[in-house]
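Read the numbers this way: they start at 1 and go in the same order the structure lists the ligands and their atoms.
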Amino acid sequence: MALGEFDVIRRFFGQPALNFTRPQLVLGPGDDAAILSVPPGHQLVMSMDTLNEDVHFPSGCDAFLLAQRCLLVNLSDLAAMGAEPLAFTLAISLPERRDEWLAAFSGGLADVAQAYQCPLIGGDTTRGPLSVTIQVHGLVPEGKAVLRSGARVGDGIYVTGELGNAAAALWFLKSDPRLNTSRLNSSDVQFFNSAFYLPTAQIAAGIALRGLASAGLDISDGLVSDLGHLLTAGACDGAGQSIGAVLEADNIPLSEPFLRCVSEQHQLQLALSGGDDYQLCVCVPPGHQAAAQQVMSAAGVRFTRIGQVVAASGIRLRTAEGDQPVSWQGYNHFA
Ligand code: ADP
Ligand code: MG
């Protein structure tokens, strides 16, 4: 990239707040490649996500928040696998050099990198339409990763945290009339902004669930859509028998600001189909449920049983009026 590619890398992506050292990091940025050592008995877990301007974030959005969100959604994938963050790499394409933007962006990255002890160890910097790709690297004890496959009939279905906050936050950010803004107070504004831009990567929860969850993932496209992936993977992995789920409407965890600001008629649909929450959804066999509840309460993470895996295809929602099939879809880029 013109305009001092190496100067940009050094000033913004070479700062100590991002390039700090940690065990297993042998060589950080500056050479032709970085080096990580994998401790004996461990496996390297990798995941990558790209965020493009005008597709994944509006142009002109806050660079500090954007950077935080980019790294957090990647870390969430490690959480879903039960992996501990190790380091990340960054490929960034920029239309022009804007130092103020770069300072905010690298500052946001540094905040999250520090919080999760996950340093930046290399990358690529190019000129082009604004696009950010992050690859995270994590560690998991050999054979202990929580996979999408493994759900079986009789498993309980659990989620961390609350659902729908990020989808309600998008209504808030887009001034959607379905969000009752007259009921918003000043701390709600903060709450919804954070729900969208600062998802919690549930690392501690993912690690605690190793060996207890039969299957799991993080909810990025909406519960119904992502739970569908678990059921499909479980059926392929199992006897080939199709499996489905019954969800209990009364047990879907919703936040207080969500309950107050989203009208009742929209609440369930938003919580079940809205994306971007990055909470974990896991299946837990009956024999592990008490232990799972216990480790999650020790980790201080809200952990709610929302339903059960059943021997029938599809997802059904149980309400006071009985069971009904759920048809709300999650977000699909090519739909
Ligand atoms: P090469 O031409 O050998 O691929 P580069 O010029 O792309 O090298 O990068 C030089 C060094 O700077 C490498 O160590 C690379 O990892 C690092 N680097 C480049 N861009 C970034 C970035 N956005 N963040 C962190 N490190 C970067
Ligand atoms: Mg390069």
- Query: Applying a strict 4.0 Å limit to heavy atoms, is Phe12 in contact with ligand 1?
  - Reply: no

- Leu25 and Phe20, any side-chain heavy atoms less than 4.5 Å apart: no

- Note on the structure: Quick note on ligand 1: atoms under 4.0 Å from a heavy atom of Asp31 include exactly 13 (C), 14 (O)

- Item | For Phe6, atoms of ligand 1 separated by under 4.0 Å from a heavy atom | 6 (O)

- Note on the structure: Quick note on ligand 1: atoms under 4.0 Å from a heavy atom of Leu120 include exactly 24 (N), 25 (C)

- Kindly indicate whether the side chain of Pro85, heavy atoms from C-beta on, has any atom under 4.5 Å from the side chain of Ile203. yes

- Message: Show me which atoms of ligand 1 lie under 4.0 Å from any heavy atom of Gly122.
- Response: 16 (O), 24 (N), 25 (C), 26 (N), 27 (C)

- Does CD in Glu256 sit with more than 12 non-hydrogen atoms of other residues, nucleotides or ligands closer than 6.0 Å? yes

- Under 3.5 Å, is there a donor-acceptor pair linking the side chains of Gln279 and Glu162? no

- Ranking Thr126, Thr125, Leu27, Thr133 by closest non-hydrogen atom to atom 21 (C) of ligand 1, top hit is Thr125

- Message: Is it the case that the side chain of Gln114 and the backbone of Asp111 share a donor-acceptor pair, with hydrogens and angles ignored and the cut-off at 3.5 Å?
- Response: no

- Record the part of Ile9 in heavy-atom contact with ligand 1 below 4.0 Å; permitted values are side chain, backbone, both and neither. side chain

- Can a donor-acceptor pair be found between the side chains of Ser93 and Ser131 at a distance below 3.5 Å? no

- N/O to N/O below 3.5 Å, does that happen between Gly30 and ligand 1? yes

- Within a distance under 4.0 Å of any heavy atom of Asp32, pick out the atoms of ligand 1 and give their elements. 3 (O)

- Trace of the salt bridge (Lys or Arg N to Asp or Glu O under 4.0 Å) decision for Asp176 with Arg178: CA-CA 5 Å; Asp176 190 301; Arg178 288 172 293 183; 2.8 Å; yes

- Message: Need the ligand 1 atom indices (1-based, order shown) with element for anything under 4.0 Å from a heavy-atom of Glu5.
- Response: 6 (O)

- Which ligand 1 atoms does Leu90 reach within 4.0 Å, using its non-hydrogen atoms? 22 (C), 23 (N)

- Task: Between Thr89 and ligand 1, find which residue part has any heavy-atom pair under 4.0 Å and reply side chain, backbone, both or neither.
- Result: neither

- Query: If you draw a 6.0 Å radius around CZ in Arg183, do more than 12 non-hydrogen atoms from other residues or ligands fall strictly inside?
  - Reply: no

